[in-house]
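For reference, the structure is listed below as structure tokens.
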Protein chains: 2
Amino acid sequence: MNQESTKIPQATAKRLPLYYRFIKNLHSSGKQRVSSKELSEAVKVDSATIRRDFSYFGALGKKGYGYNVNYLLSFFSKTLDQDALTKVVLIGVGNLGTAFLHYNFIKNNNTKIEMAFDVDPGKVGSIIGDVPVYSLDDMEKHLEDNGIEVAIMTVPAGAAQNITDRLVQANIKGILNFTPARLTAPDHIRIHHIDLAVELQSLVYFLKNYSEDDTEMSQEENRT
Amino acid sequence: MNQESTKIPQATAKRLPLYYRFIKNLHSSGKQRVSSKELSEAVKVDSATIRRDFSYFGALGKKGYGYNVNYLLSFFSKTLDQDALTKVVLIGVGNLGTAFLHYNFIKNNNTKIEMAFDVDPGKVGSIIGDVPVYSLDDMEKHLEDNGIEVAIMTVPAGAAQNITDRLVQANIKGILNFTPARLTAPDHIRIHHIDLAVELQSLVYFLKNYSEDDTEMSQEENRT
């Protein structure tokens with residue numbers, strides 16, 4: 001399975017979780033097939049991109065029929081390895097961190113926040129959204145004991161690099177970085193960076209510079 | 001200026017705010033030039049992509065010299081229209097919304113959260129991070145009075161579509177959607193969607209399926 005899936009381009013791979021969730025909902029509601037137009041409207045990706053993506057999955061839609069929902073569900077489930085739960089920790093239980101803890105990823109995902117860390121004695125020892133909050137001082141011990149490989153970082157920017165260095169030492173493989181800091185880490189550590197200010201500035205720039213005719217959705221017709 | 005900038009591909013445009021912030025910091029620290037390698041390490045975009053992006057900006061790096069920081073700063077500042085402040089509202093003052101209100105975008109941006117809305121009487125009338133919180137019932141009146149065009153949506157998923165419909169009626173042009181809901185809106189409304197669960201699942205998928213050799217950073221050498 002890994003051999004197959006490594007051939008999927010990264011841009012396509014990024015859309016996999018999105019497709020998966022929609023197809024899962026379709027399947028739950030008893031639908032047997034779906035057109036690329038319906039998919040396009042639901043996940044807000046243009047239908048030409050969807051058809052190209054799906055061709056990598058070996059899913060070829062038929063004109064007037066669309067795609068087989070069962071096939072897609074089974075493919076996505078296998079490719080996204082839904083049976084293997086990935087344990088995640090969250091570092092920094094401020095407003096953003098607390099929002100994550102209440103989010104309850106497990107419902108739609110193969111990921112679970114096992115524990116959280118903070119420096120505030122008022123938070124250490126509490127349980128938020130079923131997740132225990134431990135002292136940041138004890139982070140290394142907890143990570144090693146539990147074989148955890150992924151961390152969500154929602155700390156102040158000034159603390160981000162130091163914590164990253166500690167996570168690398170503790171054999172973390174991936175970091176989802178919500179701080180504005182650009183982190184330095186060895187190449188084998190995968191860091192995905194989501195900067196809230198940049199997302200907002202990007203939306204504003206597109207509003208000012210791209211008319212509705214330039215949006216992805218309207219660049220092509222929905223054909224399948 | 002708009003005519004020029006509309007020629008920039010959307011993927012390049014998305015990286016503009018990121019480049020801008022880094023170049024601004026460089027300029028503040030008195031640096032005169034920067035190589036694509038330094039840029040690449042700082043913003044975590046591979047240097048071939050940076051060189052291609054910068055060629056759209058008319059910035060051609062010289063071998064052994066790099067790029068002129070003043071030129072880049074002036075270009076980005078003009079292109080991102082830093083002198084024009086965009087007024088933004090935030091809808092839903094839960095944990096995620098509160099995180100945004102404390103984020104203080106104005107420091108690095110041309111955007112400002114002018115006001116927030118919530119349904120909780122305990123929050124309405126309060127001020128969080130200098131931003132007043134009003135009742136969601138009064139949203140339309142406030143939007144019209146203040147000529148606001150952008151909304152950040154951090155409400156429960158179940159409330160998202162109804163609020164979107166109201167925003168469209170109130171002539172909002174862009175929505176930054178942080179709910180898991182995929183929103184339906186007319187084509188002239190620009191919606192950027194950030195789904196925290198999908199971001200986490202995407203990171204996990206990449207960790208499982210792409211070795212370090214596949215990451216963008218290591219696909220090419222840094223040449224400029």
Side-chain angles (χ1 to χ4, degrees), chain A residues 2 5-6 10 13-14 16-18 21-22 41-44 80-81 86 88 94-96 98-100 102-103 105 108-111 149-150 152 173-174 176 180 182 184 187-188 190-210 212 214-218, chain B residues 2 5-6 10 13-14 16-18 21-22 41-44 80-81 86 88 94-96 98-100 102-103 105 108-111 149-150 152 173-174 176 180 182 184 187-188 190-210 212 214-218:
Chain A
N2 273 11
S5 54
T6 47
Q10 294 204 23
K14 281 189 182 169
L16 269 176
L18 202 57
R21 200 178 47 187
F22 179 67
E41 283 165 6
V43 301
K44 310 294 178 199
L80 286 172
D81 214 358
T86 298
V88 175
N95 287 303
L96 183 57
T98 304
F100 264 109
H102 285 300
Y103 208 93
F105 288 110
N108 270 300
N109 277 281
N110 53 346
T111 50
E149 298 191 338
V150 176
I152 300 171
K173 302 281 186 296
L176 196 58
R182 305 302 285 188
T184 300
D187 281 349
H188 67 277
R190 182 147 200 131
I191 299 177
H192 283 201
H193 186 220
I194 298 157
D195 186 317
L196 303 182
V198 166
E199 297 290 344
L200 182 59
Q201 199 168 26
S202 169
L203 173 63
V204 168
Y205 175 77
F206 275 88
L207 284 175
K208 284 182 180 166
N209 292 280
Y210 292 81
E212 59 209 84
D214 295 322
T215 63
E216 290 179 327
M217 289 297 297
S218 54
Chain B
N2 274 10
S5 54
T6 47
Q10 294 203 22
K14 281 189 182 169
L16 270 175
L18 202 57
R21 200 178 47 188
F22 179 67
E41 282 164 7
V43 301
K44 310 295 180 198
L80 287 171
D81 215 359
T86 298
V88 176
N95 286 302
L96 184 58
T98 303
F100 265 108
H102 285 300
Y103 208 93
F105 287 111
N108 268 300
N109 277 283
N110 51 346
T111 51
E149 298 191 337
V150 176
I152 300 171
K173 301 281 187 293
L176 195 56
R182 306 301 285 189
T184 300
D187 281 350
H188 66 276
R190 182 147 200 129
I191 299 178
H192 283 201
H193 186 219
I194 299 158
D195 186 317
L196 303 182
V198 166
E199 298 290 345
L200 182 58
Q201 198 168 26
S202 169
L203 173 63
V204 168
Y205 175 77
F206 275 89
L207 285 175
K208 285 183 181 167
N209 292 280
Y210 292 81
E212 59 209 84
D214 295 322
T215 63
E216 290 179 326
M217 290 296 297
S218 53

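The sequence lines fix the lettering, A, B, ..., with proteins before strands; numbering per chain opens at 1.
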Stepwise, does the side chain to side chain contact (heavy atoms under 4.5 Å, CB included) test hold for B:Val150 with A:Leu200? CA-CA 9 Å; B:Val150 176; A:Leu200 182 59; 4.2 Å; yes
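- Listed by first and then second residue, the salt bridge (charged side-chain N to carboxylate O under 4.0 Å, His left out) pairs involving residues 196-206 of chain A amount to none (not counting sequence neighbours).
- Between chain B and the options A:Leu203, A:Val204, A:Leu18, heavy-atom pairs under 4.5 Å are most frequent for A:Leu203.
- Heavy-atom distances place both the backbone and the side chain of A:Leu176 under 4.5 Å from chain B.
- Across every non-hydrogen atom of A:His102 and B:Asn95, the tightest pair is CD2-ND2, 3.5 Å.
- Taking the side chain as every heavy atom from C-beta outward, A:Ile194 and B:Leu196 never approach each other to under 4.5 Å.
- Both the backbone and the side chain of B:Ala13 come within contact range of chain A, with heavy atoms under 4.5 Å apart.
- Looking at B:Thr86, the atoms closer than 4.5 Å to chain A (heavy atoms on both sides) all sit in the side chain, from C-beta outward.
- Partners of B:Asp195 by side chain to side chain donor-acceptor pair (under 3.5 Å), not counting sequence neighbours, listed by chain and number: A:Arg21.
- Here the straight-line distance linking atom NE2 of B:His192 with atom CZ of A:Phe206 works out to 5.5 Å at 0.5 Å rounding.
- Of all heavy-atom pairs spanning A:Leu207 and B:Arg190, the tightest one is CD2-CB, 3.6 Å.
- Of the atoms belonging to A:Leu96, heavy atoms from both backbone and side chain fall under 4.5 Å from chain B.
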